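These figures come from a predicted structure and were not determined experimentally. Heavy atoms only: backbone and side chains are in, while hydrogens, waters and symmetry mates are out.
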Amino acid sequence: MASKLLRAVVLGPPGSGKGTVCERIARSFGLQHLSSGQFLRENLRDGGGDSRVGGFGSIAAFLPLLMASFSCGAHTGFPRTLGQAEALDRICELDLVISLNIPFETLKDRLSARWVHPASGRVYNMDFNPPHIQGVDDLTGEPLVQSEDDRPEAVAARLRKYKDAAKPVIELYKSRGILHSFSGTETNKIWPYVYTLLSSKIPPVLSDEEN
């Protein structure tokens with residue numbers, strides 16, 4: 001089975017399209033998509049402990065549970081720091097790391113237009129992926145919210161924080177020869193290159209056109 005052949009991580013700043021890329025990888029290559037953010041939301045909803053879901057340090061406490069559900073597949077949102085990358089090393093060996101490089105102005109525009117359904121983590125962008133009815137989730141009809149972190153005045157600080165934390169993580173994977181970086185402003189234009197890379201590592205179950 002394809003799902004037994006590859007462990008991959010997708011890295012990128014907030015708003016870079018990591019989740020979209022990982023979902024396409026999962027569909028196209030028969031892999032499991034594991035999002036640490038979604039995992040933590042579900043764990044907390046079921047009575048798990050640490051409430052600092054967005055904190056760079058808090059995810060490490062969930063690593064054993066996170067990895068227990070991650071046999072092999074495409075993974076977003078982790079690791080975010082060098083310490084988390086080292087913790088991940090103690091549990092599994094990555095085959096591939098994809099880094100998404102998106103211009104600052106593009107990220108700022110995306111994040112400022114982003115609204116979220118808190119319970120599920122579903123993300124909408126008012127410019128290119130708006131909800132069917134303004135202000136409410138498509139599936140539940142519940143209100144959408146804009147995170148304080150997505151307000152224009154907070155975006156620059158978030159991006160600087162990500163850049164500082166991610167630099168040693170990226171250098172680590174680069175030194176191991178498993179880092180592949182892709183630059184652009186649109187996920188649809190980056191995706192074919194990601195698909196081509198993965199197709200050289202694992203047989204696809206869907207063609208690029210089918211995804």
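Checked by atom type and distance alone, the side chain of N125 never pairs as donor or acceptor with a backbone atom of P130 at under 3.5 Å. Under a 3.5 Å cut-off, the side chain of T106 and the backbone N or O of I102 do not form any donor-acceptor pair. A side-chain donor-acceptor contact under 3.5 Å links K18 to the backbone of G12.
Counting all heavy atoms, side chain and backbone alike, V136 lies closest to P131 at O-CB, 3.2 Å. Between P79 and A85, the shortest heavy-atom contact is CB-N, 3.4 Å. Closest approach of R110 to F128, counting heavy atoms only: CG-CE2, 4.3 Å. Minimum heavy-atom separation, L94 to I178: O-CD1, 4.0 Å. Taking all atoms of both residues into account, the shortest heavy-atom contact from V10 to C22 is CG2-SG, 3.9 Å. For the residue pair L139 and Y124, the shortest heavy atom distance occurs at N-OH, 4.5 Å.
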Open item on the list: Quick one, R24 with N188, criterion side-chain contact (heavy atoms from CB on, under 4.5 Å). Give me CA distance, side-chain angles, the key distance, then yes/no.
Closed with: CA-CA 11 Å; R24 290 186 180 186; N188 285 341; 2.5 Å; yes

- [ ] Decide yes or no on side-chain contact (heavy atoms from CB on, under 4.5 Å) for I25 and W191, but give the supporting numbers first.
- [x] CA-CA 9 Å; I25 291 173; W191 167 248; 3.7 Å; yes

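V97 places none of its side-chain heavy atoms less than 4.5 Å from the side chain of H180. Looking at heavy atoms from C-beta onward, T140 lies in side-chain contact with H117 at the 4.5 angstrom threshold. Looking at L100 and L11, their side chains never come closer than 4.5 Å, going by heavy atoms from C-beta outward. When side chains are defined from C-beta on, L31 does not count as touching L198, because their heavy atoms never get closer than 4.5 Å.
For residues 129-150, the salt bridge (charged side-chain N to carboxylate O under 4.0 Å, His left out) pairs, not counting sequence neighbours, are R114-D150, R122-D137, E148-R151, D150-R158.
Rounding to the nearest 0.5 Å places OH of Y195 at 6.0 Å from OG of S28. Between the CZ atom of F182 and the OG1 atom of T187 there is a distance of 13.0 Å, given to the nearest 0.5 Å. For the atom pair CD1 (I98) and CG (L197), the distance works out to 5.5 Å, reported to the nearest 0.5 Å. Taken to the nearest 0.5 Å, the NZ atom of K163 stands 10.0 Å off from the CD1 atom of I170. Note that CG of L107 and OH of Y162 are 10.0 Å apart. Values are rounded to the nearest 0.5 Å. One distance of note links CH2 of W115 with CD of Q134; it measures 8.5 Å at 0.5 Å rounding.
Under a hydrophobic-cluster definition in which Ile, Leu, Val, Met, Phe, Trp and Tyr are linked whenever side-chain heavy atoms come within less than 4.5 Å, directly or via other members, L88 and L82 are assigned to the same cluster.
Just one of S181, P13, S16 meets the side-chain contact (heavy atoms from CB on, under 4.5 Å) condition when paired with S99; it is S181.
Within a 6.0 Å sphere centred on OH of Y193, heavy atoms belonging to other residues, nucleotides or ligands number 12 at most.
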